[in-house]
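What follows is a single structure, written as structure tokens, with notes after it.
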Protein chains: 2
Amino acid sequence: MLRLSKLTDYGVLLMTHMAASDSGTYSAVALAEATRVPLPTVSKVLKLLSRQRLVESIRGPRGGYRLARSPARITVGEIVRCLEGGIALTECSRDDAECEQAPFCVSGNGWKRINAAVRDALGTISLADMAEPDFMPFFRLQRTIQVTEELS
Amino acid sequence: MLRLSKLTDYGVLLMTHMAASDSGTYSAVALAEATRVPLPTVSKVLKLLSRQRLVESIRGPRGGYRLARSPARITVGEIVRCLEGGIALTECSRDDAECEQAPFCVSGNGWKRINAAVRDALGTISLADMAEPDFMPFFRLQRTIQVTEELS
DNA sequence: CTTATATAGTACTAAATTAGTCCCATAAGG
DNA sequence: CCTTATGGGACTAATTTAGTACTATATAAG
């Protein structure tokens, strides 16, 4: 289903929550309660996010996590990239790809293009957008080829 | 890694192969040999594709499969949709979604938008594009919000 | 009308991935 | 120095996906 992992979903949820209310830091416990995501899982996700400096962590009493940058300067794509380890729809469109079927494959270039489009889409939406409950059209695809069949 | 399943990858590969050379019909055996994908798997994928009328099947001797429409009129998005059962990055962005956490979730709208963008990207590339080995920029994102951080 | 070829459907097994949990180490404030 | 909170890593269970096999059905050719 072209799915993101639940971890990624949680990551976006947690960070959106932090973006929405602007109190400084949140402990893992507080976020778990607010979002209803199980505590150990919240903890795991925040650790991963902090390694790549998407959130800052403060240890010790009164510690916790906070966004490393302003919500407008953090994109959903960065979170996906952090928690999924990259954005690549197929093996062969990864940067370090070595597909054994490459010699027989004619569509490598197409996949690269599709991936670029997806990356672009994800890089376009910021946490600030996500936190805005009913933000409207933020971008539009301008097609330069004719599409004759629409997905229903 | 925001992956498509291998089945979907195979599906696009097989159909691209059919789009590239314009002989009429291909048996599952012939496609398996040409693409180096194991026969039973080729068979499985083609069955799925034929149920949704993306390929036509002809039974009996000298039978096989052929594209149901011209390559320019079949999009990668349709193939993904057929083999993944929909295009939805998160549970809550499916059309029939019933997410138990919805009351606590503030980002539903954002996900819907992201999904729309991805669907749009996939719906923009046709099989004819994929079969063209080095087709170049086929569309361009025009942003209406400012992106301040780029994905590296 | 019989036989060979090829798809249709479905069920099952095995492998890989992902989710979730737990434990111990480290840091810092009071 | 004790309590609170994150950091790292390892482990288990659950889910998903891939791949295979088997039986049924259709059709062309001789």
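Every value quoted in this text rests on a predicted model; they were computed, and no experiment measured them. Values below: all heavy atoms of this structure, side chains included; hydrogens, waters and symmetry mates excluded.
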For C:dA8, does either OP1 or OP2 sit under 4.0 Å from a side-chain N or O belonging to B:S57? yes

For atom CG of A:L48 and atom C1' of C:dT18, their distance in whole Å: 13 Å

Looking at A:R51, I'd like to know whether one of its side-chain N or O atoms comes within less than 4.0 Å of OP1 or OP2 on D:dG8. yes

So which nucleotide from C:dG9, D:dT17, D:dG7 ends up closest to the side chain of A:R3? D:dT17

Taking the side chain of A:Y65 as its heavy atoms from C-beta onward, which of C:dT21, D:dT6, D:dT4 lies nearest to it? D:dT6

Would you tell me if any nitrogen or oxygen in the side chain of B:Y10 comes within less than 4.0 Å of OP1 or OP2 on D:dG19? yes

In whole angstroms, the gap separating C1' of D:dG19 from CG of B:L7 amounts to 9 Å

With DNA chain C as reference, determine whether A:T8 or B:G60 sits nearer its 5' end, using the nearest nucleotide of each. B:G60

Regarding B:L46, tell me which of base, sugar-phosphate or nothing describes its non-hydrogen contacts under 4.0 Å with the strands shown. nothing

Taking atom CG of A:L49 and atom CE of A:M15, what is their separation to the nearest 0.5 Å? 5.5 Å

Determine the contact category for B:S43: base if any of its heavy atoms lies under 4.0 Å from a base atom, sugar-phosphate if only primed atoms, P, OP1 or OP2 are that close, otherwise nothing. nothing

Could you give the NZ-to-P distance, from B:K6 to C:dA15, as a whole number of Å? 13 Å

Short side-chain N/O contact from A:S5 to OP1 or OP2 of C:dA19, under 4.0 Å: yes

Looking only at the side chain of B:K44 (C-beta and beyond, no hydrogens), which of the listed nucleotides D:dA18, D:dG8, D:dT4 gets closest? D:dA18

Return whichever of A:R62 or A:L39 has its heavy-atom-nearest nucleotide of DNA chain C closer to the 5' end. A:L39

Proximity to the side chain of A:P38 - top-ranked nucleotide from D:dG19, C:dA6, C:dT21: C:dT21

Using only modelled atom types and a 3.5 angstrom limit, is any donor from either the side chain of B:R59 or the base of D:dT27 paired with an acceptor on the other? no

Nearest-0.5 Å distance, CG of residue B:L31 to OG of residue B:S43: 10.5 Å

Look up atom CZ in A:R119 and atom OG1 in A:T124, then write down how far apart they are to the nearest 0.5 Å. 13.0 Å

Is a side-chain N or O of B:S27 found less than 3.5 angstrom from the main chain of B:A30, in a donor-acceptor match? yes

Whole angstrom value for the distance that separates C1' of D:dT6 from CZ of A:R53: 13 Å

From the candidates D:dT27, C:dG29, D:dA18, the one with an atom nearest any side-chain atom of A:P61 is C:dG29

A:S50 and A:E56 side chains, donor-acceptor separation under 3.5 Å: no

